[in-house]
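Just follow the structure's listing: the first ligand is 1, and inside any ligand the first atom is 1. In this chain, numbering begins with 1 at the start of the sequence shown.
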Amino acid sequence: MPLHLVVGGFFGDEGKGKIVAYLAASQRPWAVARTGATNAGHTVVHRGRVYKLRAVPSGFVHPGARLYIARGALVDLEVLLSEARALGVLDRLRVDPQTGVITAEHVARERGDQHLMKGIGSTGTGVGAAMVDRVLRRLRLARDYPELKSLLADTQAELFEALDAGRLVLVEASQGYWLSLYHGTYPYVTSRDTTAAAALSELGLGPRDAWRITVVFKAYVTRVGGGPLPGELPHEKALELGWAEYGTVTGRPRRVAPFNMELAWRAVRANTATDIAVTKLDKLFPEARCARSWGQLPREARAWLEELEHKLGAPVSLVGTGEDTACTIDRSGELGLHPRR
Ligand code: GTP
Ligand code: IMP
Ligand code: MG
């Protein structure tokens, strides 16, 4: 029952979208499932094309993959349907009847909330407001919307069946460990738990369903919105280092800091990671740009990754060396992390 879960280890935007797209293209999973909601934006560059995704799982790049939206997730119908139509994936998209639905009223409620928008720096996508309604048991679910009728499926039952038949399922979590409602830097967090355990729970799966748990770190730390960021660098320094980034959903500049071993260690432990993915290595070591094998990496880059493995107590299985999915080093095979189907 090979379930491979990919989660973020810092404050989101670690590059989970790229890692999941790479894994989907190379491992050809039977299904890819997404958790979370439209506050999370992934950028995927595959075969030279750039995709900005807010709802459709990044693993859509494998044409054979069924695309699942978790029942604990939330969808914004306009965002989901327009994205799925533009990508031509409506026929393989499956939404659980129990998935929550975000409405324009939720978006307006958040955007009018100064505490959320100015204090916390929310993305203002209505996710927190819809979560409030869900907790108060007045949120309408996917099963209440006729326009979703053809997409509805008992996603939990279908995933049970796939896993029990030994088919590979790739799960794409969103945000990162330190944005968790419970474990992050409260109140500067998102409105859900962002751990591996929570992603499984959103799908209706159990801890023992996970075969591989990959925690993704960027080669430096970024954060959008308010809250502590140890070692934060001024924006000018980020520009100078080539680390400046802008949010996929809001376009806001991302705050940046050097890689943080303490934050990373706790994320690895709390997620019970089997392995680690490190993205944007090319931003620390320009000679690593688009390297596709460990041997192509400069010596200092290899030494830095080995230090991470040693200090974090988990192997580095995947390394991102550029935006395109082709710019990836994959050591899954040599680490015994290729799925047996
Ligand atoms: P959330 O679900 O919002 O947490 O997002 P995410 O983890 O999918 O990350 P996002 O796509 O928002 O941000 C990562 C950025 O880094 C994107 O612009 C990617 O194109 C880029 N990126 C990912 N991997 C690499 C890499 O190895 N090298 C370079 N240069 N860019 C990368
Ligand atoms: P909200 O979840 O949109 O209310 O935002 C709460 C906090 O989490 C803000 O600091 C956001 O910037 C941050 N956040 C939410 N989703 C993401 C994400 O996908 N990537 C990075 N930060 C996020
Ligand atoms: Mg993002």
Next on the checklist: Using a 4.0 Å cutoff against the non-hydrogen atoms of Asp282, which atoms of ligand 1 qualify?
Outcome noted: 26 (C), 27 (O), 28 (N), 29 (C), 30 (N)
Checklist outcome for this item: Near Ala40 (heavy-atom distance under 4.0 Å), the atoms of ligand 2 are 19 (O)
Item to check | Residue Gly247, metal the Mg ion (ligand 3), N/O/S under 2.8 Å | outcome: no
Checklist entry - Backbone, side chain, both or neither: what part of Thr43 comes under 4.0 angstrom of ligand 1, heavy atoms only? => result both
Item to check | Close N or O approach (Gly41, ligand 1; < 3.5 Å) | outcome: yes
Checklist outcome for this item: If you scan protein heavy atoms around atom 2 (O) of ligand 2, the nearest is Thr190 OG1, 2.6 Å
Next on the checklist: Within ligand 2, which atoms have a heavy atom of Gly225 less than 4.0 Å away?
Outcome noted: 10 (O)
Checklist entry - Under the side chain to side chain contact (heavy atoms under 4.5 Å, CB included) criterion, do Thr103 and His106 qualify, and how do the steps go? => result CA-CA 5 Å; Thr103 63; His106 295 121; 3.1 Å; yes
Checklist entry - With no hydrogens and no angle check, is any side-chain donor or acceptor of Glu309 less than 3.5 Å from a backbone partner on Val316? => result yes
Item to check | Gln98 vs Gln156, side chain to side chain contact (heavy atoms under 4.5 Å, CB included): CA-CA, chis, key distance, verdict | outcome: CA-CA 10 Å; Gln98 305 225 132; Gln156 184 190 41; over 6 Å; no
Item to check | Close-contact set for ligand 1 against Thr321 heavy atoms, below 4.0 Å | outcome: 27 (O)
Checklist entry - Nearest 0.5 Å, what's the CG-CG distance between Leu3 and Leu170? => result 8.5 Å
Checklist entry - Does Gly121 come within less than 4.0 angstrom of ligand 2, counting non-hydrogen atoms of the residue? => result yes
Checklist entry - Can you tell me the protein heavy atom closest to atom 6 (C) of ligand 2 and the distance? => result Val189 O, 3.3 Å
Next on the checklist: Run the side chain to side chain contact (heavy atoms under 4.5 Å, CB included) test on Asp144 and Val101 for me, step by step, so that the C-alpha distance in whole Å, both residues' side-chain angles and the decisive distance to 0.1 Å come before the verdict.
Outcome noted: CA-CA 9 Å; Asp144 302 319; Val101 176; over 6 Å; no
Next on the checklist: Checking the N or O distance criterion of under 3.5 Å, is ligand 1 in contact with Ser174?
Outcome noted: no
Next on the checklist: Using the rule given for ring-ring contact (aromatic ring centres under 6.0 Å, His included), can you reason through Tyr220 versus Phe10, listing the C-alpha separation, both sets of side-chain angles and the distance that settles it, and then say yes or no?
Outcome noted: CA-CA 9 Å; Tyr220 47 92; Phe10 284 144; 9.6 Å; no
Checklist entry - In terms of the angle between their ring planes, are Phe285 and Trp304 parallel, tilted or perpendicular, with boundaries placed at 30° and 60°? => result tilted
Checklist entry - Would you say Arg289 touches ligand 1, if touching means a heavy atom closer than 4.0 Å? => result yes
Item to check | For Gly12, atoms of ligand 1 separated by under 4.0 Å from a heavy atom | outcome: 4 (O)
Checklist entry - Between Thr195 and Asn271, is any side-chain donor less than 3.5 angstrom from a side-chain acceptor? => result no
Item to check | Ile120: numbered ligand 2 atoms lying under 4.0 Å from its heavy atoms | outcome: 9 (C), 10 (O)
Next on the checklist: Among Glu14, Arg34, His42, Arg254, which one puts a heavy atom closest to atom 15 (C) of ligand 1?
Outcome noted: Arg254
Checklist entry - For ligand 1, which atoms have a heavy atom of Lys283 less than 4.0 angstrom away? => result 30 (N)
Item to check | Nearest-neighbour protein heavy atom for atom 13 (C) of ligand 2, which is reported as residue plus atom name and distance | outcome: Leu179 CD1, 3.9 Å
Checklist entry - Does a side chain donor of either Asn39 or Thr123 reach within less than 3.5 Å of an acceptor in the other side chain? => result no
Item to check | For atom 10 (O) of ligand 2, the protein heavy atom that lies nearest, with its residue and separation | outcome: Val224 O, 3.1 Å
Checklist entry - atom 3 (O) of ligand 2: which protein heavy atom is closest, and how many Å away? => result Thr123 OG1, 2.5 Å
Checklist entry - What do we get for Arg252 next to ligand 2 when only non-hydrogen atoms under 4.0 Å count, side chain, backbone, both or neither? => result side chain
Checklist entry - Is any NZ, NE, NH1 or NH2 atom of the basic residue among Arg66 and Glu158 found under 4.0 Å from an Asp or Glu carboxylate oxygen of the other? => result no
Next on the checklist: What verdict does the side chain to side chain contact (heavy atoms under 4.5 Å, CB included) test give for Val7 and Thr194, after you've listed the backbone C-alpha separation in whole Å, the side-chain angles of each residue and the deciding distance to 0.1 Å?
Outcome noted: CA-CA 8 Å; Val7 298; Thr194 54; over 6 Å; no
Next on the checklist: With a heavy-atom distance limit of 4.0 Å, tell me whether Glu172 approaches ligand 1 through its side chain, its backbone, both, or neither.
Outcome noted: neither
Checklist entry - Within the structure, does Thr279 bring an N/O atom to less than 3.5 angstrom of an N/O atom in ligand 1? => result no
Checklist entry - Considering only protein heavy atoms, which is closest to atom 31 (N) of ligand 1, and at what distance to one decimal place? => result Lys280 CE, 3.2 Å
Checklist entry - What protein heavy atom sits nearest atom 1 (P) of ligand 2, and how far off is it? => result Ser122 OG, 3.5 Å
Checklist entry - What atoms of ligand 2 come closer than 4.0 angstrom to any heavy atom of Phe11? => result 21 (C), 22 (N)
Next on the checklist: I'd like to check which ligand 2 atoms, numbered from 1 as shown, lie under 4.0 Å from a non-hydrogen atom of Asp13.
Outcome noted: 20 (N), 21 (C)
Checklist entry - When only distance counts, is Gly322 in polar contact with ligand 1, meaning an N/O pair under 3.5 Å? => result yes
Checklist entry - Does even one non-hydrogen atom of Leu116 get within less than 4.0 Å of ligand 2? => result no
Checklist entry - Considering only protein heavy atoms, which is closest to atom 16 (N) of ligand 2, and at what distance to one decimal place? => result Gln175 NE2, 3.1 Å
Checklist entry - Purely on distance, is any nitrogen or oxygen of Val45 under 3.5 Å from one on ligand 1? => result no
Next on the checklist: Any salt bridge linking Arg266 with Glu262? Criterion: basic side-chain nitrogen under 4.0 Å from a carboxylate oxygen.
Outcome noted: no
Next on the checklist: Does either side chain, that of Arg134 or that of Ser191, offer a donor lying less than 3.5 Å from an acceptor on the other one?
Outcome noted: no
Checklist entry - Where the side chain of Asp193 meets the backbone of Tyr182, is there a donor-acceptor pair that is under 3.5 Å apart? => result no
Next on the checklist: Below a 4.0 angstrom heavy-atom separation, can you tell me which part of Lys18, side chain or backbone, both or neither, approaches ligand 1?
Outcome noted: side chain
Item to check | Numbered atoms of ligand 1 (with element) below 4.0 Å of Gln175, judged on heavy atoms | outcome: 2 (O), 4 (O)
Checklist entry - Does Gly320, backbone or side chain, put an N or O under 3.5 Å from an N or O of ligand 1? => result yes
Checklist outcome for this item: The atom of Asp13 among N, O or S that is nearest the Mg ion (ligand 3) is OD1
Checklist outcome for this item: the protein heavy atom lying closest to atom 3 (O) of ligand 1 turns out to be Asp13 OD1, 2.9 Å
Item to check | Tyr145 six-ring face occupied by Arg140 cation (under 6.0 Å, within 45°) | outcome: yes
Checklist entry - Quick one: which ligand 1 atoms are inside 4.0 Å of a heavy atom on Gly17? => result 8 (O)
Next on the checklist: Check for me, please, whether Phe259 and Leu263 land in the same ILVMFWY cluster - side-chain distances under 4.5 Å, paths through other members count.
Outcome noted: yes
